[in-house]
Protein chains: 2
Amino acid sequence: MKPIQVGLLGIGTVGSGTFNVLKRNQEEIKRRAGRGIEITMVADLDTERAKAAVGEGVQVVSDARAVIANPDIDIVIELIGGYGIAKQLVMEAIAAGKHVVTANKALLAVHGTEIFEAAQKKGVMVAFEAAVAGGIPIIKALREGLTANSIQWIAGIINGTTNFILSEMRDKGLDFGTVLKEAQRLGYAEADPTFDIEGVDAAHKVTLMSAIAFGIPVQFSKAHVEGITKLAAQDIKYAEQLGYRIKLLGVTKRAKNGIELRVHPSLVPAKRLLANVEGAMNAVVVHGDAVGTTLYYGKGAGSEPTASAVIADLVDITRLHTADSAQRVPHLAFHPNAMNDHLDVLPMREVVTSYYLRLRVADEAGVLAKVTGLLANAGISIDAVLQREADEVGGEGSTQTDLIILTHDTLEGTVDDALAELQALPTVLAPIVRIRKEELS
Amino acid sequence: MKPIQVGLLGIGTVGSGTFNVLKRNQEEIKRRAGRGIEITMVADLDTERAKAAVGEGVQVVSDARAVIANPDIDIVIELIGGYGIAKQLVMEAIAAGKHVVTANKALLAVHGTEIFEAAQKKGVMVAFEAAVAGGIPIIKALREGLTANSIQWIAGIINGTTNFILSEMRDKGLDFGTVLKEAQRLGYAEADPTFDIEGVDAAHKVTLMSAIAFGIPVQFSKAHVEGITKLAAQDIKYAEQLGYRIKLLGVTKRAKNGIELRVHPSLVPAKRLLANVEGAMNAVVVHGDAVGTTLYYGKGAGSEPTASAVIADLVDITRLHTADSAQRVPHLAFHPNAMNDHLDVLPMREVVTSYYLRLRVADEAGVLAKVTGLLANAGISIDAVLQREADEVGGEGSTQTDLIILTHDTLEGTVDDALAELQALPTVLAPIVRIRKEELS
């Protein structure tokens with residue numbers, strides 16, 4: 001049988017990784033897929049770079065639509081990124097009856113509903129293993145490996161840039177700004193790192209996992225998105241003293257009244273495997289009612305790790321391109337007519353989790369009693385308190401100190417209100433720091 | 001469409017877990033599978049127990065062949081275990097055109113070639129996610145998630161009983177025998193724990209992973225199998241001092257001249273996630289040339305975790321039972337006509353790894369020089385040496401001490417020969433302890 005023909009849109013880091021791995025391992029991949037898989041056409045605005053990357057024998061064009069229009073092409077890989085032209089091209093590829101493989105989390109988290117609907121109608125597959133956690137086959141685990149389960153929650157380190165920064169901040173006791181510059185120098189952070197450090201990239205990914213886990217439509221606009229730019233080295237240190245590490249987590253959870261969908265820095269008990277995922281690595285913890293806690297770890301980005309996921313999708317499509325829709329895995333794990341349309345994403349005030357609070361207070365008698373009394377009145381139960389000596393915090397003779405409080409599970413709205421009250425106390429001398437805490441047990 | 005009908009052979013711990021999870025999550029599973037999945041018939045010698053487990057509405061028989069003969073049954077789940085009757089029944093189910101789901105690692109590691117051949121010929125699927133690492137979808141990850149990769153090596157903690165025992169030995173400084181009794185009391189070890197503690201169970205599982213990773217036939221008889229019964233608390237302590245933990249690993253590796261396939265206690269650097277997998281948990285590290293290092297963690301045994309894997313297989317079969325063989329995933333990842341028949345499993349003497357050596361030596365001048373000189377002559381490069389004070393080891397006035405040596409990578413045969421020479425030295429006073437070491441980098 002002649003090889004299945006693939007067209008590649010955009011040959012940057014991941015595109016050339018995909019081309020190289022597919023070529024290097026072509027024999028082995030063919031023996032698994034039952035048929036050869038070849039990239040025969042590449043579109044990139046920089047045709048010179050593209051030609052240099054693929055060498056002879058592969059058609060290089062600057063117009064992506066020429067790839068889509070090519071009747072010999074069975075599968076189109078979209079590696080352009082963003083919501084703009086990428087969306088148009090994906091929709092056109094679907095309309096042309098091509099299967100699509102994409103690593104574009106932003107596109108799917110925002111426009112997934114429209115794209116998957118079009119694909120379903122046209123009878124083609126849109127595969128996106130590479131969109132979440134790079135080479136880790138987490139989409140496959142969620143969609144196929146854990147189908148027996150009612151998934152309870154997912155918590156993941158799904159952005160390597162921020163995990164690298166947090167690891168460095170902790171290791172070296174440095175501030176966010178200093179480490180960000182270092183990360184940019186080393187290539188772990190982009191020149192414009194906004195999507196990473198503000199949590200947007202992680203939110204795209206957890207939005208996709210949430211949809212797959214709970215059978216809800218992708219709803220990026222309802223995700224709570226909070227990055228790591230305001231994290232102080234001080235809080236990383238205090239957390240450490242209390243037995244926790246701070247990680248940027250994407251969390252989605254099946255709660256009583258709906259679905260939690262949120263990205264923010266979180267304290268994680270240091271003894272959990274997830275807390276020990278360092279540097280640019282990714283890991284996702286999935287808790288199912290039958291399987292219990294499972295964890296998936298690996299490189300979340302990079303040329304060949306991401307290519308690994310892209311090619312796994314190519315193999316799946318090669319196997320299933322002649323199958324009917326009942327034989328294929330539904331895009332979002334649940335069949336389109338069996339989604340959970342009634343499960344809403346909860347506003348943050350309705351989320352239940354636990355908290356780390358740091359209060360800069362006057363070092364005088366009765367402050368601790370006042371603060372804990374106010375929390376008790378609000379119904380917020382305290383798990384641990386760490387009070388620093390004033391001169392450790394502010395130097396000798398200081399009249400200020402830090403009061404660190406860990407709470408048990410509480411409704412976020414209750415905490416919001418209590419914090420507003422606490423902030424108004426004359427003995428609370430600076431904005432209160434509040435970081436969420438996930439026990440993951 | 002009416003539900004797909006499943007017959008269950010053997011309703012013990014995993015069987016009742018499968019029945020319960022399938023029932024509890026039936027709606028959600030149906031919405032994923034596109035069709036209901038129901039266990040409608042159960043065979044168990046203990047029909048009373050079986051009836052108590054499944055309640056009304058499910059046919060319970062004592063004769064497994066009645067399930068196989070039932071034309072309404074599409075899929076047979078084999079949860080009897082062992083090589084005997086289980087093999088006959090699996091072969092008969094295949095011959096009757098039933099798809100088979102099994103958790104029986106022993107059966108497949110030994111008779112897999114015959115079973116998969118028969119299934120291939122008959123056009124049915126034999127699925128076995130539950131045979132390796134319980135609820136962790138590691139078979140799916142290897143067969144489908146990492147298809148882009150030339151897998152380089154796999155190292156796994158794939159036996160919960162032994163990992164529980166090793167964790168306890170380390171935590172409490174206790175001997176193997178003491179902890180084994182405790183494990184039996186707690187239900188973590190069986191009354192006859194031989195298969196677990198001697199490494200046989202782990203060897204069955206790594207045999208299956210090896211076949212899938214490298215496209216070779218299952219060859220349990222060629223696996224090197226070594227358990228944890230001879231491990232001393234002392235070595236766990238020394239390893240700890242050197243920055244390592246001791247784990248029972250199943251290892252399979254693509255070497256220059258063939259495939260390594262081995263189960264034995266191994267030192268693992270304490271900083272690796274794998275070293276921090278504690279208690280009865282399982283974890284498998286897979287290193288692929290494109291993806292790099294990935295890790296999969298979860299419960300490796302137990303009623304519902306194993307049921308999670310069994311049901312995932314049921315869902316896959318439900319989707320693909322009308323598919324043709326090109327649309328299905330090959331049993332051992334590679335298409336049967338594209339296996340690596342020329343790749344042999346290497347004898348242990350040809351394995352290359354590093355070593356922990358403990359020598360009980362006379363506490364006299366020149367011993368260290370003698371020992372290290374002999375190793376140097378053999379071409380064995382030393383990574384670290386730990387020499388204990390004699391009175392720490394043997395009490396005050398002792399004339400003996402422990403010499404601990406970590407080597408760099410060496411051919412096992414070279415180490416065998418050098419150890420024979422060392423053992424013959426008059427200053428070496430007891431049998432040398434040799435434990436392999438895997439850096440997993």
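Quick caveat: nothing in here was measured; it's all calculated off a predicted structure. Because only heavy atoms are used, hydrogens play no part in the values below, and waters and symmetry mates are left out as well, while side chains stay in. A note on names: the letters A, B, ... follow the listed sequences, proteins ahead of strands, and every chain is numbered from 1.
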Trainee: What residues form a ring-ring contact (aromatic ring centres under 6.0 Å, His included) with B:H335, not counting sequence neighbours?
Mentor: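 With neighbours one apart ignored, the set is empty.
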Trainee: Calculate, to the nearest 0.5 Å, the distance between atoms OG1 and NZ belonging to B:T294 and A:K299 respectively.
Mentor: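 If I round to the nearest 0.5 Å, the distance is 10.5 Å.
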Trainee: Please identify, among B:S150, B:G298, B:G135, B:A141, the residue contributing the most non-hydrogen atom pairs under 4.5 Å to chain A.
Mentor: B:S150
Trainee: Counting only heavy atoms not in B:Y188, do more than 12 fall under 6.0 Å of its OH?
Mentor: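 Result for OH/B:Y188: open.
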Trainee: Using non-hydrogen atoms and a 4.5 Å limit, figure out which bit of B:I317 sits close to chain A: side chain, backbone, both or neither.
Mentor: neither
Trainee: Say whether, by atom type as modelled, one donor and one acceptor occur between the side chain of B:R31 and the main chain of A:A338 under 3.5 angstrom.
Mentor: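 Flag set: sc B:R31 to bb A:A338 pair under 3.5 Å.
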Trainee: Using 0.5 Å steps for rounding, measure from the CG atom of B:N149 to the CD1 atom of A:I311.
Mentor: 8.0 Å
Trainee: Using only non-hydrogen atoms and a strict under-4.5 angstrom cutoff, which residues of residues 17-27 of chain B touch chain A?
Mentor: B:V21, B:R24, B:N25
Trainee: Which one wins on heavy-atom pair count under 4.5 Å against chain A: B:T293, B:L332, B:L314, B:I138?
Mentor: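 If we count pairs closer than 4.5 Å to chain A, B:T293 comes out on top.
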Trainee: Search all heavy atoms of B:G145 against all heavy atoms of A:P137 and return the closest pair with its distance.
Mentor: CA-CB, 3.8 Å
Trainee: If I take atom OG1 from residue A:T318 and atom CD from residue B:Q327, how far apart are they, to the nearest 0.5 angstrom?
Mentor: 12.0 Å
Trainee: So what's closer than 4.5 Å to chain A heavy atoms on B:V310: side chain, backbone, both or neither?
Mentor: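 Neither the backbone nor the side chain of B:V310 comes within 4.5 Å of chain A.
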Trainee: So which of A:I37, A:D316, A:D289, A:N340 has the largest heavy-atom pair count under 4.5 angstrom toward chain B?
Mentor: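 The option with the most such pairs is A:D289.
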Trainee: Any carboxylate oxygen within less than 4.0 angstrom of a Lys/Arg side-chain nitrogen, looking at A:E144 and B:R143?
Mentor: no
Trainee: Using every non-hydrogen atom in the two residues, find where A:A290 and B:S308 come nearest and quote the distance to one decimal.
Mentor: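 Closest approach of A:A290 to B:S308, heavy atoms only: CB-CB, 4.3 Å.
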Trainee: For the candidates A:S303, A:G302, A:A333, A:G292, which exhibits the highest count of non-hydrogen atom pairs separated by less than 4.5 Å from chain B?
Mentor: A:A333
Trainee: Any idea which of B:R319, B:K30, B:H321, B:M339 has the most non-hydrogen atom pairs under 4.5 angstrom with chain A?
Mentor: B:R319
Trainee: Residue by residue, scan residues 274-286 of chain A and write down, ordered by number, those that have a heavy-atom distance under 4.5 Å to chain B; if none do, write 'none'.
Mentor: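 Near chain B, by residue number: A:N276, A:V277, A:M281.
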Trainee: Just grab all the ring-ring contact (aromatic ring centres under 6.0 Å, His included) pairs involving residues 289-313 of chain B, residues at least two apart or on different chains.
Mentor: none
Trainee: Which region of B:D313, side chain (C-beta onward) or backbone (N, CA, C, O), has a non-hydrogen atom less than 4.5 Å from a non-hydrogen atom of chain A, or is it both or neither?
Mentor: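 Contact with chain A involves no heavy atom of B:D313 at all.
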Trainee: Would you mind checking which part of B:E28 comes under 4.5 Å of any heavy atom in chain A, side chain (CB onward), backbone (N, CA, C, O), both or neither?
Mentor: both
Trainee: Identify which of A:L320, A:T306, A:L273, A:V315 forms the greatest number of heavy-atom pairs closer than 4.5 Å to chain B.
Mentor: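 That would be A:L273.
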Trainee: Looking at B:E304, B:K271, B:R328, which has the largest count of heavy-atom pairs under 4.5 Å with chain A?
Mentor: B:E304
Trainee: Top residue by heavy-atom pair count (under 4.5 Å) with chain B, among A:A309, A:A148, A:G34?
Mentor: A:A148
Trainee: Any donor-acceptor pair under 3.5 Å linking the side chain of A:R32 with the backbone of B:T147?
Mentor: yes
Trainee: Kindly check if the number of other-residue, nucleotide or ligand heavy atoms within 6.0 Å of NZ (B:K2) is above 12?
Mentor: yes
Trainee: Name the member of B:D324, B:I139, B:V329, B:I136 that forms the most heavy-atom pairs with chain A at distances under 4.5 Å.
Mentor: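 With the most close heavy-atom pairs to chain A, the winner is B:V329.
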Trainee: Sort B:A326 into side chain, backbone, both or neither according to what part of it lies under 4.5 angstrom from a heavy atom of chain A.
Mentor: backbone
